[in-house]
Structure formats: C-alpha cells, structure tokens
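Okay, structure first, notes after.
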Amino acid sequence: VQLQASGGGSVQAGGSLRLSCATSGLTFNSYAMGWFRRAPGKEREFVATINWSGGSTYYPDSVKGRFTISRDNAKNTVYLQMNSLKPEDTAVYYCASNRVVTMAIRSWNYWGKGTQVTVSS
C-alpha cells in the first residue's frame with residue numbers, strides 16, 4: 001500500500017493550497033481517508049476525515065469552514081482544499097487510510113510521507 005501526498009508549499013496568510021494524496025495497493029473505495037498534521041513541537045492532530053463514500057466528513061474547529069476534504073474514488077485520490085490559511089496552519093501534512101474513521105490516530109493503518117505547508121504572516 002502506498003499513499004503519496006503532494007501539493008504542499010509556502011503561501012502568505014489568507015492564501016490557499018490544495019493537497020492531493022494518491023493511493024495504490026488498496027481498495028480505495030472501501031477505506032476511510034484522513035488528513036493529519038504535525039507542527040513543530042506538537043502532537044499529530046486531525047485535520048479532516050472522510051468516509052469511504054464521501055458522504056460523511058469531520059473537521060476540528062481549528063479548520064472548520066476553511067478546509068474541505070473530498071475524494072475521487074475513480075482516481076483513488078483524496079484532496080484537501082485549504083483556504084484562508086493562517087500561520088498556525090504551518091505543519092507537515094499527512095494523509096492516511098483506515099477501514100473506518102476513528103478518533104484514535106494511531107489506529108489508522110496506512111500513512112503516506114508528509115508534505116510541508118508553510119504559511120507566513
């Protein structure tokens with residue numbers, strides 16, 4: 001199983017980025033997908049999750065209304081549209097897959113390598 005995140009970069013506050021996570025080796029439309037991030041000196045945290053069909057999503061308050069997770073089951077890819085970015089969004093962003101959405105981060109089965117997002121003020 002491989003998950004490859006891309007789309008990170010450096011933007012100014014208020015800007016936008018779109019992350020992509022291409023997957024292979026799993027039955028994509030049977031898996032929930034998630035985006036997570038780890039800022040320097042902080043624990044890994046949820047950013048967004050989406051169930052297998054795309055019909056259910058979850059966002060923590062810190063990104064709700066600014067970030068949107070979506071998936072294209074035909075392309076085995078999950079996306080994260082990030083708008084109105086803030087300096088506190090600076091982190092390494094990871095995508096992960098699991099049979100079901102769970103709040104137990106360490107239970108997510110498969111992880112991709114991260115992509116750096118840097119937001120300057």
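Just the heavy atoms: all of them, side chains too, but no hydrogens, waters or symmetry mates, feed the values below. For clarity, every value in this text was computed on a predicted model and none was experimentally measured.
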- Test item: T49 and T57 side chains (from C-beta on) under 4.5 Å apart, heavy atoms: no
- Listed once per pair and sorted, the disulfide (SG to SG under 2.5 Å) pairs that draw on residues 22-79, sequence neighbours left out: none
- Could you walk me through whether V47 and L80 pass the side-chain contact (heavy atoms from CB on, under 4.5 Å) test, one step at a time? CA-CA 9 Å; V47 174; L80 183 69; 3.8 Å; yes
- Task: Using the test side chain to side chain donor-acceptor pair (under 3.5 Å), find all partners of Q2 that sit at least two apart in sequence or belong to another chain.
- Result: none
- With sequence neighbours excluded, what pairs up with S53 under the side chain to side chain contact (heavy atoms under 4.5 Å, CB included) test? N51
- Query: Tell me, which pairs form a disulfide (SG to SG under 2.5 Å) where one or both residues lie in residues 25-65, sequence neighbours left out?
  - Reply: none
- Query: Which distance, rounded to the nearest 0.5 Å, do you find between the CD of E45 and the OG of S62?
  - Reply: 5.5 Å
- Message: Using a 3.5 Å distance criterion without hydrogens, assess whether the side chain of T27 forms a donor-acceptor pair with backbone atoms of N29.
- Response: no
- Query: Heavy atoms, side chains only, cut-off 4.5 Å: are L19 and W35 in contact?
  - Reply: yes
- Item | Mutual orientation of the aromatic rings belonging to F36 and W111 [parallel < 30°, tilted 30-60°, perpendicular > 60°] | tilted
- How many angstroms lie between CG in L3 and CG in L26, if you round to the nearest 0.5 Å? 6.5 Å
Donor-acceptor pairs under 3.5 Å, side chain of residues 114-121 to any protein atom, not counting sequence neighbours: which ones?
| unit_1 | atom_1 | unit_2 | atom_2 | d |
| --- | --- | --- | --- | --- |
| T115 | OG1 | G8 | N | 3.2 |
| Q116 | NE2 | A91 | O | 3.4 |
| Q116 | NE2 | T118 | OG1 | 3.3 |
| S120 | OG | V11 | O | 3.4 |

- Item | pair Y31-V100: side-chain heavy atoms closer than 4.5 Å | no
- Does anything in residues 46-76 pair up under disulfide (SG to SG under 2.5 Å), and if so which pairs, sequence neighbours excluded? none
- Item | Close side-chain approach of T23 and V1, heavy atoms under 4.5 Å | no
- Please name all residues satisfying side chain to side chain contact (heavy atoms under 4.5 Å, CB included) with K75, sequence neighbours left out, ordered by chain then number. D72, T77, Y79
- List the steps, then state whether side-chain contact (heavy atoms from CB on, under 4.5 Å) holds for E43 with I105. CA-CA 11 Å; E43 302 258 334; I105 294 177; over 6 Å; no
- Message: If I compare all heavy atoms of R38 with all of K42, which pair ends up nearest, and what's the gap?
- Response: CG-O, 3.4 Å
- Message: Grouping I, L, V, M, F, W and Y whenever their side-chain heavy atoms are under 4.5 Å apart, do W108 and I50 come out in a common cluster?
- Response: no
- Query: Which residue pairs satisfy the disulfide (SG to SG under 2.5 Å) criterion with at least one member in residues 35-121, sequence neighbours excluded?
  - Reply: C21-C95
- Message: Working note: Y59 + I69, criterion side-chain contact (heavy atoms from CB on, under 4.5 Å); need CA distance, chi angles, decisive distance, verdict.
- Response: CA-CA 9 Å; Y59 306 93; I69 189 171; 3.3 Å; yes
- Can you list the residues that meet the ring-ring contact (aromatic ring centres under 6.0 Å, His included) rule with W52, with sequence neighbours excluded? none
- Query: Would V101 end up clustered with F46 when hydrophobic side chains under 4.5 Å apart are linked, directly or stepwise?
  - Reply: yes
- ring-ring contact (aromatic ring centres under 6.0 Å, His included) filter on F67, not counting sequence neighbours, yields none
- Which side chain to side chain donor-acceptor pair (under 3.5 Å) pairs, counting each pair once, include a residue from residues 80-98, with sequence neighbours left out? S16-N83, R37-D89, R37-Y93, R66-D89, Q81-N83
- Query: Can you name the residues that form a salt bridge (charged side-chain N to carboxylate O under 4.0 Å, His left out) with R44, not counting sequence neighbours?
  - Reply: none
